Every structure is written in structure tokens, then in C-alpha cells.
Amino acid sequence: MNAPASHIEPAVQTLAPVIEASGLGLTFATNDGPVNALSSVDLAIGKGEFVSFIGPSGCGKTTFLRVIADLEQPTEGTILVNGMSPRAARQARAYGYVFQAAGLFPWRTIERNVALPLEIMGYPRREVDERIARTLALVNLTGFEKKFPWQLSGGMQQRASIARALAFDADLLLMDEPFGALDEIVRDHLNEQLLELWARTQKTICFVTHSIPEAVYLSTKIVVMSPRPGRVTDVIHSTLPRERPLDIRESPEFLSIAARVREGLRSGHGYED
Amino acid sequence: MTNPFILALLFWIAAWALNEWLVRLSPRPAAMRRLIDVLVPLVFGVAVLAMWEGVVRGFAIPSVLLPPPSMIWARIVNSVPILWADFRQTFLKAVLIGYVLGCGAGFLVAILIDRSPFLQRGLLPLGNFVSALPIIGIAPIMVMWFGFDWPSKAAVVIIMTFFPMLVNTVQGLAASSAIDRDLMRTYAAGYWQTLFKLRLPAAAPFIFNALKINSTLALIGAIVAEFFGTPIVGMGFRISTEVGRMNVDMVWAEIAVAALAGSVFYGVVALAERAVTFWHPSVRGG
Amino acid sequence: MRTSAAAPVAAAAPQQEGVLSRLAAGNTLPIVIVVAAIVVAWYGFAVYLNMPWQLGVYERSGTTWTFADLVRDTLAQERPVLPSPHQVFAEMWRTTVEVAPTSRRSLLYHAWVTLSSTLLGFALGTLLGILLAVFIVHNRAMDKSVMPWVVASQTIPILAIAPMIIVVLNAVGLTGLLPKALISTYLSFFPVVVGMVKGLRSPEPIQLDLMRTYSASAAQTFWKLRWPSAMPYLFTSLKVAVAISLVGAIVGELPTGAVAGLGARLLAGSYYGQTVQIWSALFMAAALAAILVAVIGAGHRMVLKRMGMAQ
């Protein structure tokens, strides 16, 4: 297990990448001067991958996610989502976004919350009901349809938020530290369920996190970023098998990948050319 | 030392003692606690009435100055037709119509200027400014334009209720959080979809705040506008003429009706608020 | 080009601050434009509303008229349905600058009459309101008995009582300034009580716990914690209170056919059909309200700045 994991390329798909960024940069003009949130990001994400973005605050991981989602516009470079511009992808409803906070509408029941994107996108009524039932079952919230968000715990609200992002047909899931506000045990359960979900739905997932174990446990690829300016310092292809019980987190292979991530975070200055 | 006053004083002391005892109870069932919360102010109110009666009768205060509650009650019971006619003129016509039109106009204008930050930056400060002005002064001008009857009073009510509604609705429309608006963006939702599914429900607490404030303003506006001139019916008319004739008990009777109307109106709006904004922490008791 | 950092649409930040300060903060242009639009619309309406009467005048005197004549004449009528802005300002100028302030024809004199009862009532109402609020916050029986009535009283059209108070007090010999001031007192009392109770109760539980760990007395907790925390709430209530005091003073001048004060001017103007007089009294009242609220706003900023709570 001493061979550097990154030199073993996984079986690469010949399909076009879902996300392709090249020379991507984003500079914010703020009151304290320009801030280089992202600079020179070159990254390709293939279909079906589970990619984690990890790094300290200000490294640009959330910004990158938001650029993919067309919630921010880059100031340099290009990015293609499903072969089109982020704007076109957004208008084609190509992705589901899960925010840091559940962001459920408190005046709607759980099932009406999950139905929200379906209403907006004009899905027919019968299909709406079927999709709600299916996605709530996927996140184990069957039976809570008529409850209001404030009657649910934080973990359950976040699961409802994930169900909402799965309700419509988007092959790409963008998740911005969705489990950050939850306690350790709930987090473990949700990580397991997320992997299960990923296996079942075969979606491409981009996942932003602060937590090294979470990043290594969930992903097929880990993108390590650092701040000032926000950039990618390392891209690690995980050698862990797709079937992962929780206790794989104690295996030597896991720990070596985690150590490499930690190294990347700590160095934070070196460029990889 | 005259009898009624002593009695009233004793009653007052007893009532106060009762209240002091009641507030120190901490019963566990929530229903009991709510009962006490209603009982204490009621006891206080009754004590005030008793004190009033006792002082007026005990010190033989002339009833043209301050009639005792019993006399006011007698007057109310004997004047129901007049009170009802006044109520119809002032409340059912001027207040309700003016309230609906004024709040409706404020709401619509807020939606109209929603897409123009420029207009908002111009109108909002103006709206706040106008809210501080003695708008009631516009009553004589409305009488001049719309005549003596209830339309001029309704016009005053419209103007008084327009600005609080405008300001609050605009604030409410800005109240949805960035995350919620980003969410709608990820769904590529259109302006109207976002307005109806997110921003209007999120604005409801603010809108109801204005509706409650306006319920009081509307009643005040209609009554005071009648001080400036009205045909021979109306709550404000009755108050100002009976004051001139020194029939102070009739004045108090009208005020009692106005107070009742005001509280019921406000109560209805508050109930509607509870129903619509059931999800808001302040309503949930959080 | 939307970023998550971009604030929502308008300058819809908490708006109860000094209006005049906001004018200087880069919102000036929209406001100027909106006001200009209102002035233009006003002139338009003045011509339109005054037209019928003017056309009748032309008919009766058989003069031929052009549109320019019409515009000029409708904006200069003696008893217009809607006076033009310059007519109102001319009248205001006439009755303020060109007349001695002590004369009964001076608008300043009337403004002072109204202002004096406003200020007296406001001061009394504030003082009483603060005292009652302190009492309510420290005594549970007071709180549970009185507070519901204070809140309920906000739904009652208290202003309707004004005529009665004036007449009754006049009958016992209290005339002039005091009865009107009492109405203003009564009106400004309630917002101050509600605001102060909220403010005195606004310290966070952990801050109150801290005082308890110091074994601080109620008075110490009051002066060191509750009172400073209540300042923002106090000033917000003061703005509402001063505006409503002014309204109370004006309404208080109506019943007895008073001869002095802005309310009296409004009433007289409406009895004698002197529209320009009505509008100039209205403008003066508006100016008074604006000045009073601005003064309180300035006081607000000054106090908050010294407390380091400036926004």
C-alpha cells in the first residue's frame, strides 16, 4: 500500500465529462479590495463519480459549486456542464442543489416541500405524487409527509432537502456541506444512506465538506483546495471499493488516503504542475 | 367618608390581593395557566369599573363631568338604534370600505414597484415620512372634494392605511432568505412563480403586521374625520354633538361601542394572522 | 449578474431610522425624482380639478381663452379645489415671514400653539410611560393585570375621546394648553409603555443570569443592564409617540371651535372654504412632524453612538 494511490487511474469513461472546467477563475470586488475566490481551476468530473471538495474557509470550494450551479458567474476561464454553459444547464434543470441549511419552506408540509420543484417545472399531478412517495422512501422519511419542517429534527429536515433535490430528473447532485450542522452519529447514518442512494440512482455527485473522514469515506475522487487565492492543490483518486461499510474508516488504505488529504491541506501553498 | 367609595376601595384592595395571589400560582396544566392569564386582567378591569362607580357616587361627582359606569350602561341599553345607525355609517361604510381599498392599493403598488429597486428607494423613504405626518388633517380637504357623507371619510381611511401597507409589504417581499431565493434560481423558476410560491408566503407576517396596525388607524381616521363635518349620523358626529350638549354619558356610550368595534376588528385580523402564518415562530410560541 | 453576497432588491433595511439621513446616503436621486413626479402630477391635477369652475367664469364673463390662459388661471384661483404648490408656499410665506410671529395671523403663532401642547403632552406621556413600564417589568401582578389592557388599548380609537376631554376639562375650569396637552399625554403614553416594556425585557437570559451571579440588586440590574438595552426601543417609541402627540394636539383644537393652533386653522379653513389656508396649515403640520421626528432621530443616533451601538 505504499504506491501513491493517484497513479492508478480508474477505468475512465469514454463519455464526455459532466463538468469540465478550464482555467476557471472568479474574482470578487469587495469593500476591502479584490478577492481571488477561484483561480486557474482545471478539473473534469465524469458521469457517476462522487467527488468531494475539501479545504479551509475561503478556498473556493463553495464558490466552485455555485459557479457550476450558475449562482455565481466566473470572471475568467470556461466551464461546461453537460456540454453547455451553466446558465443553459440551470434552465434545463440539469442538477439538484442541497444547501448547508435545509431551507424547507415552513408553510409547506414535507410532501409539499418535496413537490415544490415539480410544481415549478410543471410535472403532471399523478407523476408528482408518485415521485414524492419514491424519493421520501429513498431517504427513509415515509410517514412524515404531512408533518411541517419545524416538527422534524435537523437530520430529518436535511434528508427532506435531499429528497427534494432528487425528486426531479437531474443527473447531477450538488451538495454544499449538507451535514455540517448535525451531530456525529446522525452524520454517520446520513453518510451511509447517501452512499446507498448514490449506488441506487447512479447520479454524479459533487460534495463540499470540511471533514476529512467524510470526504474520504464518500468519494471516488477528492479535490483538495486551499485559499488565497482559491485553487486546487491536489486531486486524489480513491482506491477504496464502492461497497463501503462504516468501519472501513479504520482500514490502513483509508488512513493513507486521509493522510494524503491532510498533507494537501496542510501544505496549501505548493502548486502541482 | 361616603359609603360607595369605601366599598369600592375595599373591593379594589381585595381584587389586588386576589391578583397578587393568582400570579404567584404556577399550575402545571397549560389550560389552567391560560385561564389565569385571562382572569387577572379581567379582575383588574372589574376592579377599575367598581372603583370608578364608587368614586363617582361616593364623592357625588356631577355626571356631566364623569358619569358612573352604571349610568353609561343604562344609556347604551336605551340607545341601541342610534348606536347601531352610527356604527353602520362609520364602521360598516367608511371604515371597512376604506380599509379594504387602502390596504389593497398599498399591496398592489408594492407589487408594482417590486421589480424596480429605483422606485423602491424613492418611494420607501417617502412612505415612512408620510406615515409620521398628521394625515388626519387631510379630512377637511376630502370633505371638500367628496362631500359630507361617508365617501370622504373612506377617502381619509384609504390614505391613512395605504402607506403602512406599502412599506410593510415591500419589507416583507425582501424578507425571504438568500438560500430560499437561490433555491428558486436552481429550479430556473420565473418571477411570478418565485413571487407566489416563496416571497408572498414569506411576506405574510409583515403584511399582517400592517393589517393589524391599519385596523386601528382606519377606525381612528373615520371617527376623527367626522369631527370635520358629516351628515347627522356617525360615531364621530355623535361624539362631537353630544359633547356640545354635555350629554357625556352618550359620548361614553359611543366610545364604548367604538372600543368594542376596534378590539373585535383587531381580533378578527389577529385570528386570520394565526391561521395564515401558523408556521411563523412568533405564532408557534417559539 | 447575481451573487449570493448581493443584498436583496431594495434599500429595505430597517426603515425606522431618520428619513433625512437616508436622503443623504445615495438614495437622493430616486427620492428627488419621485418627488418631482409628484409635483408635476400635482400641477396637472390642479389644472384638471380647477378647470370646471374656471370654465364657468369664462362663460359668465364671455372672455375668449387659450389653453395657456386656462393653465395660468386655474393655478391662481382664490378658492381652488386643489391649490397649486406655489400658491400654498406663497400663502405660507405670507403668513410666516411677512407677518409678526406674535400676531394671530401668523402661521408660526398657530404652529407654536399646537407645538407647545404637543411637547408638553409628549414629555408627560413619555415620563409616565417609562415609569409604568418600569413598574410593570418589576411587579408581576402589575404586569399581568395592566399589560393586557395597554395592549388592548392600542386597538381602541383613543383619539375619539379627545373632544370629550376638552369639554369636560373646560367645564371644570381647565382651559387652553393643559387639556390639549393631556390628550397628547394620553396618546403618547401607550406606545412608550409598550416599547419600553419590550426594551426593558430585551436583555438576553444569559446577561440576566450574569447579573444574578454578581448578586446584583434589581436597581443595579436596571441601571446597568435593562435601561441601556432599552434605548433603541425607547427611541423607536418616541418617534411614534411624538407623531401621535402632534395629531392629538391638532384634534384637541377641534371641538371647542378653538381660535388658535393648526387644528383651529384647519377647521376655520374648512368652514369658510379657504382651501389655500387649509393646505398651508397642513404643510406646516407636516413640517412640524418631520422636524420633531428628525430631532428624535438625531438624538437616537447620538445616544447610540455614545453607547457604541451605532448601526
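All chains are named by letter (A, B, ...) in the order of the sequence lines, taking the proteins before the strands, and each is independently numbered beginning at 1. Note that this is a predicted model, so its numbers are computed, not measured.
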Per-residue contact mode, C:Asp143 against chain B (heavy atom under 4.5 angstrom): neither
Proximity breakdown for B:Met235 and chain C, heavy-atom pairs closer than 4.5 Å: neither
Per-residue contact mode, B:Ile138 against chain C (heavy atom under 4.5 angstrom): both
Interface moiety of B:Ile239 toward chain C, non-hydrogen atoms closer than 4.5 Å: side chain
Exam field: side chain B:Asn247 to backbone B:Glu242, donor-acceptor pair closer than 3.5 Å: no
Side-chain donor or acceptor of C:Gln77 paired with backbone N/O of C:Asn50 under 3.5 Å: yes
Greatest number of heavy atom pairs closer than 4.5 Å to chain B - which of C:Ala243, C:Gly273, C:Ala160, C:Gly269: C:Ala160
Side chain / backbone / both / neither for C:Val81 at chain B, heavy atoms under 4.5 Å: both
Which atoms of C:Met142 approach chain B - backbone, side chain, both or neither, heavy atom under 4.5 Å: both
Flag, side chain of C:Arg140 to backbone of B:Val23, donor-acceptor distance under 3.5 Å: yes
Portion of C:Ile38 that has a non-hydrogen atom of chain B nearer than 4.5 angstrom: side chain
Under 3.5 Å: donor-acceptor pair, side chain of B:Ser152, backbone of B:Phe146: no
Geometric class of the C:Trp279/B:Trp145 ring pair [parallel <30°, tilted 30-60°, perpendicular >60°]: tilted
Contact origin within C:Ile161 toward chain B - heavy atom pairs under 4.5 Å: both
Proximal to chain C - members of residues 209-222 of chain B, heavy-atom separation under 4.5 Å: B:Thr216, B:Leu219, B:Ile220
Report, one line per pair, each donor and acceptor closer than 3.5 Å where one atom sits in a side chain of residues 280-296 of chain C; sequence neighbours left out.
{"unit_1": "C:Ser280", "atom_1": "OG", "unit_2": "C:Val276", "atom_2": "O", "d": "3.3"}
{"unit_1": "C:Ser280", "atom_1": "OG", "unit_2": "C:Gln277", "atom_2": "O", "d": "3.0"}

Toward chain C, the part of B:Trp16 with a non-hydrogen atom under 4.5 Å: side chain
Leading residue by heavy atom contact count with chain C [cutoff under 4.5 Å; candidates B:Phe118, B:Trp252, B:Trp21]: B:Phe118
C:Glu253 and C:Thr114: side chain donor to acceptor below 3.5 Å: yes
Interface residue of largest heavy-atom contact number with chain B, from C:Ser145, C:Ala152, C:Ser270, under 4.5 Å: C:Ser145
Heavy-atom pairs under 4.5 Å with chain C, option from B:Phe227, B:Phe228, B:Phe44 with the top count: B:Phe44
N/O donor-acceptor pair under 3.5 Å between B:Arg24 side chain and B:Glu20 backbone: yes
B:Ile113: side chain to side chain contact (heavy atoms under 4.5 Å, CB included) partners, not counting sequence neighbours: B:Val109, B:Leu119, B:Gln120, B:Leu123, B:Leu166, B:Val170
Ring geometry between C:Phe45 and C:Tyr48 (parallel below 30°, tilted from 30 to 60°, perpendicular above 60°): perpendicular
Expected output: side-chain B:Arg181 to main-chain B:Ser176 donor-acceptor under 3.5 Å: yes
Residue part contacting chain B, namely of C:Leu49, when any heavy atom lies under 4.5 Å: side chain
Qualifying residues under ring-ring contact (aromatic ring centres under 6.0 Å, His included), relative to B:Phe265, sequence neighbours excluded: B:Phe91, B:Tyr99
Residue part contacting chain B, namely of C:Val34, when any heavy atom lies under 4.5 Å: side chain
Any donor-acceptor pair under 3.5 Å from C:Ser184 side chain to C:Ser245 backbone: yes
